[in-house]
Structure formats: structure tokens, C-alpha cells
Amino acid sequence: MRIATWNVNSVKVRLPLLLAWLEEAKPDVVCLQEIKCLASDFPELELKGLGYHAELVGQKSYNGVALLAKERPRDVIYALPGDDTDTQARYVEATVGDFRVASIYLPNGNPVGTDKYPYKLEWIGRLHAHAETLLEAETPTVLAGDYNVIPEEEDVYDPAAWREDALFRMETRRAFRSLVNLGFTDGFRAIDPSPHRYTFWDYQAGRWQRDEGLRIDHLLLSPRAADRLVTAAIDKSPRAKDKASDHTPIWCELR
DNA sequence: ATGGTTGCCTCGCAA
């Protein structure tokens, strides 16, 4: 089972690239983030044409996550539990085959010093609590998505410049580490330990051309999923194309 | 050099 995650930064704009990549990479499950549209505007028919079922939670202009799967997803939940007042479309989770898979768009949190940052920390706290529940079920689980967290210095081109950013400051990294320490494996890192492997490059200042990026999209594997990990990779090819997202897909193969 | 770009029912905001 090949499971991928990709922040597409508008599914409408990215649809030609997305369809081309699905045909080439043939993932069984794809978690999308920042679809930036209502469910009624989601290109369900085009994706069905390539054999993908879609489960999603949409929102106008911002956020929005989807889960695409060749097998029909079951037992879908459309929000991260723990706060019924949170209306931001950032979480969808379902069972595909014998895996539980979540598509996650964790809040960015910038600028630090506004209410955006405590919202990010609270969101990670809710994810931590929910992850504990998921682990108790002992179903092989993959929490995939844009975490907006740079885990280590080697995951950013200029750690000093990013030290106080919401994606990298110590409080953020500690919260992420605490989530991982519940027993998850960073699926990409388990396969490729080399530094400076990025999943995001800012559109500005020639960051892509200079390979000055961030590793902020992650596949967190529960112990039973990690036991089945065969390989994982970042596919940089979509980032090089015209009309690219600022993120590129990462995927893992689980036997 | 506080630059630069993309996407949003755009004229500011989020990333």
C-alpha cells in the first residue's frame, strides 16, 4: 500500500499537475491539504476518472483537506476531535484497507504573538490526545500531512533565520516531539537519514532554485504501521513544473 | 537589500 501526502495549495489551480502525478506515481492513498475550496467545488469526477474515491472537508478560500483512495474509505471522521467550536477544515481520517489514515493540515501559527500561535499549540495538543486513542486501537495508522513543523536543525536551510518562527521555535518542536514520542516513527527519516531533504520551498527569493527549503510534511507511522514500512521518498519532480505548489509530495510504501 | 511570489469571489491577507 503506497500512501502519499501533498499540500497542493489550491486543488483547482493544481488539478492538471495532480492528475498527471497520480497517473505517474499511482499511490493507493493520497492525503491533500490546502484544497482551498468548498466540497461542492471539489473535482470529484476528474479524480473518479482515475479510480479514486474522495473524502474531504472543504472551506472557502483557505485550508481544506482531502483523502483520496483507490479502495472506498470507511468510518470517516471529518474533524479533529476535542473542540466542537473549531470550524477550520484541517482534518479528515478514514480506514482504507487495514490502515487508518489521517490527512492533516496543522495550523501555521505565524505570526507568533498573535492568537494564531496558541491555536497551533492547542491543535497539536488535541492531535496528541486523539493520537493516544488511535494507538490504543492498535490498527496500523498513518498520520500524514503538512505539520508546519520543522523537527530538527537539519530540516531547514538556515536554522538561525528560522529560530523564532512558529514552524521552528523550541515550544513547537517540543510539542511535535511529544506527539512522536507516543510511539510514532517519522516514516521518511526511518528510510533516509540524510540532512537537507525538503518538502517545501517558498515561492519567493529563488528558494527552489537554491534548494533552500523546509521539511514540514510528514508521515507519522504507528508501531504496527512502522513494522510494515518498506520505503519512503520525497518526490521533487512536481515542484519543478510550471504552476507548481510550494510543497511537493512525499510517500511511503507499506507491505 | 526586510527584498521576493502565489492564491484567495484580492485591492489585504495567509502562506
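Residue numbers start from 1 in every chain, and the chains themselves are labelled A, B, ... in the order their sequence lines are given, proteins ahead of strands. The analysis underlying the following values was restricted to heavy atoms, covering all of them including side chains, and did not include hydrogens, waters or symmetry mates. Given the structure is predicted, the values throughout are model-derived calculations rather than measurements.
- The side-chain hydrogen bond (donor to acceptor under 3.5 Å, both in side chains) test applied to A/Ser245 returns no partner, not counting sequence neighbours.
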Pairs under 3.5 angstrom, nitrogen or oxygen only, protein versus nucleotides 5-8 of chain B, please.
| residue | atom | partner | partner atom | Å |
| --- | --- | --- | --- | --- |
| B/dG7 | OP1 | A/Arg14 | NH1 | 3.2 |
| B/dG7 | OP1 | A/Arg14 | NH2 | 3.4 |
| B/dG7 | OP2 | A/Lys243 | NZ | 3.1 |
| B/dC8 | OP1 | A/Ser10 | OG | 2.5 |
| B/dC8 | O3' | A/Ser61 | OG | 3.3 |

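- Within the structure, every pair that satisfies the salt bridge (Lys or Arg N to Asp or Glu O under 4.0 Å) test and touches residues 191-201 of chain A, not counting sequence neighbours, is listed here: A/Asp192-A/Arg197.
- Partners of A/Arg169 by salt bridge (charged side-chain N to carboxylate O under 4.0 Å, His left out), not counting sequence neighbours, listed by chain and number: A/Glu164, A/Glu171.
- Taking the salt bridge (charged side-chain N to carboxylate O under 4.0 Å, His left out) definition, one finds that A/Asp235 meets it with nothing, sequence neighbours left out.
- The side-chain hydrogen bond (donor to acceptor under 3.5 Å, both in side chains) contacts involving residues 48-60 of chain A comprise A/Lys48-A/His53, A/Glu55-A/Tyr78, A/Gln59-A/Asn63, where partners must be two or more places apart or lie in separate chains.
- To the nearest angstrom, C1' of B/dT2 lies 14 Å from CG of A/Asp158.
- Of the two residues near DNA chain B, A/Asp41 and A/Lys116, the one whose nearest nucleotide lies more 5' is A/Asp41.
- In this structure A/Phe184 satisfies the ring pair (Phe, Tyr, Trp, His ring centres under 6.0 Å) test with no other residue, sequence neighbours excluded.
- Contacts with DNA chain B (heavy atom under 4.0 Å) in residues 104-112 of chain A: A/Tyr105, A/Asn108, listed by number.
- The aromatic rings of A/Phe176 and A/His218 sit tilted, their planes meeting at an angle between 30° and 60°.
- Note: CD (A/Gln33) to P (B/dA15) measures 14 Å, nearest angstrom.
- One atom, CZ of A/Arg90, and another, P of B/dA15, lie 6 Å apart when rounded to the nearest Å.
- Partners of A/Arg189 according to the salt bridge (charged side-chain N to carboxylate O under 4.0 Å, His left out) rule, which considers only residues two or more places apart in sequence or in another chain, are A/Glu154, A/Asp155.
- Whole-Å rounding puts the A/Asn63 CG to B/dA14 P distance at 11 Å.
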